[in-house]
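Reviewing the structure listed below.
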Amino acid sequence: MPYKDLVKCWHEGVLAAEKKDLDSALKSFTCIEDPPSKIWFNIGCIHLLREDFLNALQAYSQSVTKDQCLAVGFFQRSYVNYKLERYEKALSDCHLAMAQLRNNSVIDYKQLGLQHLLHAWEVLYNTAVILCHLGKWESAEQKITEAARWVPGEIRNAKLEAASVQIKRQRLLQPIHVADGEIFRPRKQEVEQLNSKDFLGKPKVISSVVPNDQYSGFEPLRPQRPGFYQPHREAMPGQGAGYHRVMVHYYPEDSGEVAVKANSILFVLTKHGDWATAIHDGQKILIPTNFLEPVDAPKADMKKINNGIPPPPMKMPPTRPNAKTSEPEKTRSRFTSKTRPSGVQD
């Protein structure tokens with residue numbers, strides 16, 4: 001399964017879990033092919049919220065199988081075994097969780113996407129709780145004392161103090177577990193990369209000689225008549241559009257040079273009053289309408305079109321003559337070679 005699809009399903013499951021839609025969340029997590037340890041952990045949390053302890057136990061077992069160093073996975077599985085009254089297995093999971101702490105007082109899972117701090121004293125506290133259910137009160141009291149030594153600094157832990165009092169009175173305690181709804185989440189950068197980004201941006205027309213200059217997009221290539229302007233039919237907005245011939249020289253008002261010579265062919269876009277907007281020599285110009293007369297579309301002279309390919313040769317190349325040696329020359333050459341004295345060089 002591509003990693004992008006994995007992150008997408010993972011993110012959808014997290015969003016569904018935030019909305020308390022457990023069925024959709026479970027569906028999103030389980031549709032992932034070969035889920036990693038974090039996804040199995042999330043599946044176990046969803047089953048735990050639904051109080052489906054057997055499936056939760058199976059999911060947590062898959063999680064710690066995928067990642068045997070996941071202390072919080074053993075911690076949660078011990079809680080599920082406790083709920084199933086499998087106290088011996090729950091005690092074994094507590095020992096495994098404590099071993100994976102590797103003499104650390106706390107493991108911060110925020111960097112891995114889980115908003116939870118697993119403290120060593122919490123694991124020892126749950127160990128004491130399970131020992132109480134097994135009737136081992138003295139061992140439970142020793143674990144509470146050991147848990148107090150793992151509390152950092154001189155901070156007093158009211159929960160451990162209350163637990164010590166309850167154990168002396170031989171009263172059962174309730175274990176600690178990861179807060180409901182806390183699951184592993186994908187990284188923010190990976191979620192942001194799920195949405196496609198437009199690196200080119202929206203096109204904007206700056207200058208255009210075509211009539212549909214309000215169109216901010218890309219038009220497909222369309223066949224043109226070689227040598228002449230041939231706009232799209234939908235781009236001809238006004239009536240009277242088409243090819244026209246200039247009857248006389250047109251002199252613009254702000255210049256003494258000839259702007260358009262007589263008998264020139266141009267393409268009129270629109271006519272508004274006494275003036276017409278036309279395309280001439282690749283530029284949009286204004287020209288009086290009384291200078292123009294409509295004509296048919298000109299035909300391109302294929303011989304004058306320079307497309308970069310030289311024309312084929314008009315004449316046939318000369319053939320190589322076949323030279324034949326006459327019979328007297330052959331006889332003379334043979335005779336010369338036979339009568340040449342030895343030692344004479346050419």
Side-chain angles (χ1 to χ4, degrees), residues 1-86 89-90 93-94 96-97 100-101 106-119 122-123 125-126 129 159 174-199:
M1 184 177 188
Y3 187 70
K4 182 179 180 180
D5 296 341
L6 187 149
V7 175
K8 182 179 179 181
C9 296
W10 187 358
H11 181 57
E12 291 175 353
V14 170
L15 295 179
E18 291 178 349
K19 297 177 182 179
K20 307 300 181 182
D21 189 359
L22 302 182
D23 293 336
S24 298
L26 189 61
K27 182 178 179 181
S28 298
F29 290 141
T30 53
C31 73
I32 298 175
E33 299 178 2
D34 192 16
S37 177
K38 296 179 182 179
I39 302 300
W40 278 116
F41 183 91
N42 291 356
I43 295 173
C45 292
I46 298 299
H47 285 305
L48 191 59
L49 290 174
R50 301 173 65 179
E51 296 184 355
D52 187 358
F53 299 119
L54 290 177
N55 286 326
L57 179 64
Q58 183 179 0
Y60 285 130
S61 297
Q62 290 288 340
S63 178
V64 296
T65 301
K66 294 281 186 177
D67 186 1
Q68 298 180 1
C69 296
L70 191 65
V72 69
F74 291 108
F75 182 72
Q76 283 294 96
R77 193 173 71 172
S78 68
Y79 175 75
V80 175
N81 280 320
Y82 166 82
K83 298 295 289 185
L84 293 172
E85 297 183 357
R86 301 176 180 180
K89 293 184 177 180
D93 285 335
C94 286
L96 291 172
Q100 297 307 322
L101 281 169
V106 61
I107 293 181
D108 188 358
Y109 285 95
K110 292 180 182 178
Q111 296 180 354
L112 299 178
L114 179 66
Q115 298 294 324
H116 183 74
L117 296 174
L118 181 62
H119 295 272
E122 293 178 336
V123 179
Y125 175 87
N126 280 9
V129 171
K159 192 175 187 65
Q174 295 297 321
I176 302 173
H177 61 90
V178 177
D180 294 338
E182 289 297 337
I183 56 179
F184 282 101
R185 304 168 184 267
R187 292 190 302 174
K188 181 179 178 181
Q189 295 83 353
E190 295 176 344
V191 175
E192 292 176 350
Q193 292 177 359
L194 293 176
N195 301 324
S196 60
K197 296 182 180 180
D198 186 7
F199 294 98

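Heavy atoms only: backbone and side chains are in, while hydrogens, waters and symmetry mates are out. Sequence positions, counted from 1, serve as the residue numbers for this chain. The model shown is predicted, which means the values in this text are computed figures rather than measured ones.
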Side chain to side chain contact (heavy atoms under 4.5 Å, CB included) between Val80 and His177, intermediate numbers included
CA-CA 9 Å; Val80 175; His177 61 90; over 6 Å; no

Check whether any side-chain heavy atom of Leu96 sits under 4.5 Å from a side-chain heavy atom of Arg77, and report yes or no.
yes

Kindly give the heavy-atom pair with the smallest separation between Tyr60 and Gln76, and that separation in Å.
OH-NE2, 3.1 Å

About how many Å separate CG of Leu70 and OG of Ser63, when rounded to the nearest 0.5 Å?
4.5 Å

Near Lys27 NZ, under 6.0 Å, is it more than 12 heavy atoms from other residues, nucleotides or ligands?
no

Pro186 vs Val14 side-chain heavy atoms within contact, under 4.5 Å:
yes

Validation row: Asn55, Gln58 side chains within 4.5 angstrom (heavy atoms):
yes

Any heavy-atom pair between the side chains of Arg50 and Leu48 that's under 4.5 Å?
no

Would you call Ser28 and Leu15 a side-chain contact if the rule is heavy atoms closer than 4.5 Å?
no

Looking at Gln115, Glu18, His11, which hits side-chain hydrogen bond (donor to acceptor under 3.5 Å, both in side chains) with Arg185?
Glu18

Whether Tyr109 side chain and Val72 backbone form a donor-acceptor pair below 3.5 Å:
yes

Does any part of the side chain of Lys38, heavy atoms only, come nearer than 4.5 Å to the side chain of Asn42, both counted from C-beta?
no

Check Pro35 against Lys66 and note the closest heavy-atom contact, atom names and distance.
O-CE, 3.4 Å

Show the numbers, then the answer: is there a side chain to side chain contact (heavy atoms under 4.5 Å, CB included) between Gln174 and Val129?
CA-CA 7 Å; Gln174 295 297 321; Val129 171; 6.0 Å; no

Of all heavy-atom pairs linking Tyr79 and Ile176, the shortest is CD1-O, 4.4 Å

If you count heavy atoms of other groups shown closer than 6.0 angstrom to CD of Glu12, is the number above 12?
yes

Pair Cys45, Val178 - check side chain to side chain contact (heavy atoms under 4.5 Å, CB included), show working.
CA-CA 9 Å; Cys45 292; Val178 177; 5.7 Å; no

For the residue pair Asp93 and Phe75, establish whether any side-chain heavy-atom pair is separated by less than 4.5 Å.
no

Hey, mind stepping through Leu54 and Leu84 against side chain to side chain contact (heavy atoms under 4.5 Å, CB included) and telling me if it holds?
CA-CA 8 Å; Leu54 290 177; Leu84 293 172; 4.0 Å; yes

Shortest non-hydrogen separation from Leu22 to Ile46 and the atoms involved
O-CG2, 3.8 Å

Output for pair (Leu26 CG, Asp52 CG), nearest 0.5 Å, gives 9.0 Å

When you compare the side chain of Asn81 with that of Leu57, does any pair of heavy atoms fall below 4.5 Å?
yes

Around atom CD of Glu33, are there more than 12 heavy atoms from other residues, nucleotides or ligands closer than 6.0 Å?
no

Can you name the closest pair of heavy atoms from Val123 and Cys94 and give their distance?
CG1-O, 3.4 Å

Do Tyr3 and Glu190 get their side chains close enough for a donor-acceptor pair, meaning under 3.5 Å?
yes

Check Ala25 against Ala17 and note the closest heavy-atom contact, atom names and distance.
CB-N, 3.8 Å

Hey, mind stepping through Lys20 and Asp180 against salt bridge (Lys or Arg N to Asp or Glu O under 4.0 Å) and telling me if it holds?
CA-CA 11 Å; Lys20 307 300 181 182; Asp180 294 338; over 6 Å; no

With Phe184 as reference, evaluate Trp10, Trp40, Phe41 under the ring pair (Phe, Tyr, Trp, His ring centres under 6.0 Å) test and give the passing residue.
Phe41

